[in-house]
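Structure first, commentary second.
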Amino acid sequence: MQFHHHGYVSGDPRIQPAAGVGINRPEELPDEVDVLIVGSGPAGMLAAAQLSQFPGITTRIVERRPGRLAIGQADGIQARSVETFQAFGFAEEITAEAYQIIEMAFWRPDPEDPSRIIRTGRAVDDETGISEFPHLIVNQARVLDYFARFMANSPTRMSPDFGFEFRGLEVDDDAEYPVTVTLAATAGPDEGSERTVRAKYVVGADGARSKVRAAIGCTLAGDKANHAWGVMDVLAESDFPDIRTKCAIQSSNGGSILLIPREGGHLFRMYVDLGVVPEDDNGAVRTTPIEDIISRANDIMAPYTLDVRNVAWHSVYEVGHRLTDRFDDVLPADLGTRTPRVFITGDACHTHSAKAGQGMNVSMQDGFNLAWKLGHVLEGRAPEALLSTYSAERQVVAQNLIDFDKEWSTLMAKRPEEFENPSDLEDFYVSTAEFPAGFMTQYTPSMLIAESTHQALATGFPIGKRFKSAPVRRVSDANPVQLGHLAQADGRWRIYVFADAAPAGAASPVADLAQWLTTAPDSPLAAMPEGADLDAWFDIKVIYQQDHRNIDLGAVPALFKPQVGPFRLSDLAKVFGTESREDIFEVRGVDRAGAVVVVRPDQYVANVLPLAATAELAAFFAPQLARNSPAAG
């Protein structure tokens, strides 16, 4: 964490100075906003948190509830999400209060007595070290609380506007604020009254029954639900030995349970198989009493028993897999002729079962993908064409999620005798670990993702996939750090310069690249507003091949020691050496001739280039940057 560069800070350094629209921010919802986010679920809150870092942009997030969410339905936090939380500054705190999944146990009928279940296997949750971050279980409400705190501490001092329900919208592309939104007050003295808000962009994060989705003519299409599950968060006594371990339990009577221990050491969640739903059920299964769900759980767990003492929350849902064909308001016939004004995220555009633990995680990545793009366009950093990449990128991810979840939920619902191999469920869990951890997403070439022409220069940083961290040693203070953990959710591009073998100060491709970046008219840095800090839009770091003790910080090019803040203080925290026991060049397959790795603001690798490929670097950024932008971020 860096601070004091704007003057001495005596309080909490996480509270950023108010700036832009955060100075004297109005309590009341304005009539005109840049971005209106509808819904304060995971996708909406992350999008708002990211946009809260853009001081000149008026973003408001409306929610029909009268206040914060008390009990959330989602609870699984995959490692990719914890990486994201690191960028927002609360990974350590939320990890400390969460339940951490280390192993998963598998229980099946005893071959000698099928009326009893026995443990048949265990699987390590992340056996191959996909991420240095853990797999967590924590209530969705707490995730939203952390994003709310981040927003409140941001320069824009953002907070949700509770008590407003979305009713409808109209788009007039010729207007300064093209989207007119009708809202109805759901609480307070104005309850029942309607008002309009005009916005430049609208984000629908309003769930599976999204009214924003309906307003732009999108529908969810997919498989009809045909299998029901009861889910309950309970405090209970049980003689089941793995009650504090994640378990997949299959019984001889055809029922199954997914057991998820929850944070706090006592609470746990059970997804209890209620069986196939008849065609003429018409939703009756959703009224299944909690007593029936508990009884069913006891039948499945025999000979073990479950004595439920308190039910924190329960529900019944039918597994369905549905997806919209687009995530914005641009009709297929209009592609290429206009850019989107209205977007949908999360459950508003993809629904699936809860048992894969993906809903909240994928929804948050929807919000991350979209929000920085909105920030760049509204600040004048990027052209509006950037916004068309959101639907193109995230619709594919959602389809992949649904394909995975269909297979996982089908396996969970199978009777034990239907498996060809008794270990099929366990084998699937282990073999697909990278997908549910959130790391299989790989964006294809576009204006934001380069072709893999030079991928061989950094094989451990696949283009289109998230930037996978590795240890380095900071030269200025000798601190060992994870390189990827230093990337904040501040809307900046990252350019990692992996040096050739030449030492700092010697004539080298690194020195030439630094000179070009700071002086060339086609350098991406040349697009920044006059007077902006050198690192206002681009966080540029250099990693030398030498041990940190053998790197002369004074000889490092000035680009990697930018002067920041009103006192023009040199930032010495962007220069790194290698760790002797875990050399990042070896760990991530970086060529000893050096390489440039370009990473998007949402942490995905966008390009890998040779150190001398300045023309290619300029060509990559050219379509993404609006030259001579009037505002610096």
Side-chain angles (χ1 to χ4, degrees), residues 1-3 6 9 11-23 25 27 33-37 39-63 65 67-69 72 74 77-78 80-98 133 136 138-162 203 205 345-346 360-361 363-376 378-379 484-492 539 601-603 633:
M1 183 182 297
Q2 290 181 292
F3 50 96
H6 285 264
V9 177
D12 186 345
R14 292 174 300 184
I15 302 176
Q16 300 170 276
V21 299
I23 299 173
R25 178 184 184 270
E27 289 291 329
V33 299
D34 293 317
V35 181
L36 183 69
I37 300 172
S40 65
M45 288 294 277
L46 190 149
Q50 173 67 98
L51 283 163
S52 73
Q53 294 296 292
F54 292 83
I57 296 174
T58 300
T59 303
R60 303 293 286 231
I61 177 169
V62 295
E63 168 58 54
R65 290 191 312 271
R68 69 173 285 273
L69 180 70
I77 304 294
Q78 305 295 356
R80 170 68 189 125
S81 293
V82 185
E83 283 187 350
T84 304
F85 297 163
Q86 176 71 22
F88 284 91
F90 60 85
E92 290 185 9
E93 289 177 276
I94 201 167
T95 297
E97 70 177 76
F133 286 105
L136 305 178
V138 66
N139 193 286
Q140 171 185 331
R142 292 295 294 136
V143 176
L144 304 186
D145 287 344
Y146 279 108
F147 280 123
R149 185 186 72 181
F150 180 90
M151 291 157 49
N153 292 341
S154 73
T156 56
R157 296 295 188 266
M158 199 188 302
S159 62
D161 291 289
F162 293 111
V203 178
T345 63
M360 175 163 54
N361 297 276
S363 295
M364 287 190 291
Q365 295 305 317
D366 288 347
F368 206 4
N369 181 291
L370 174 61
W372 72 267
K373 296 173 182 177
L374 285 168
H376 283 206
L378 284 163
E379 269 200 347
H485 296 192
L486 304 176
Q488 299 174 307
D490 53 17
R492 290 187 297 172
D539 178 17
D602 56 355
Q603 302 177 323

Can Arg68 and Leu144 be said to form a side chain to side chain contact (heavy atoms under 4.5 Å, CB included), step by step?
CA-CA 8 Å; Arg68 69 173 285 273; Leu144 304 186; over 6 Å; no
Output field: ring centroids Phe147/Phe88 closer than 6.0 Å
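Aromatic pair counts; centres sit under 6.0 Å.
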Go through Met45 and Ile61 one step at a time and tell me if the side chain to side chain contact (heavy atoms under 4.5 Å, CB included) criterion holds.
CA-CA 8 Å; Met45 288 294 277; Ile61 177 169; 3.8 Å; yes
Distance check, rounded to the nearest 0.5 Å: [X] atom [atom1] versus [Y] atom [atom2]?
X      : Y      : atom1 : atom2 : result
Met158 : Asn153 : CE    : CG    : 12.5 Å
Ser81  : Asn361 : OG    : CG    : 3.5 Å
Leu486 : Asp539 : CG    : CG    : 8.5 Å
Gln488 : Gln53  : CD    : CD    : 8.0 Å
Gln50  : Thr59  : CD    : OG1   : 10.5 Å
Ile77  : Thr84  : CD1   : OG1   : 10.0 Å

So do Gln78 and Gln365 actually touch side chain to side chain, heavy atoms under 4.5 Å?
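In short, these two side chains do not touch, never coming nearer than 4.5 Å.
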Is there a side-chain contact between Arg157 and Ile15, using heavy atoms and a 4.5 Å cut-off?
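Of all side-chain heavy-atom pairs linking Ile15 with Arg157, at least one is under 4.5 Å.
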Looking at every non-hydrogen atom in both residues, tell me the closest pair between Ala43 and Ser363 and how far apart they are.
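Ala43 and Ser363 have their closest heavy atoms at CB-O, 3.2 Å.
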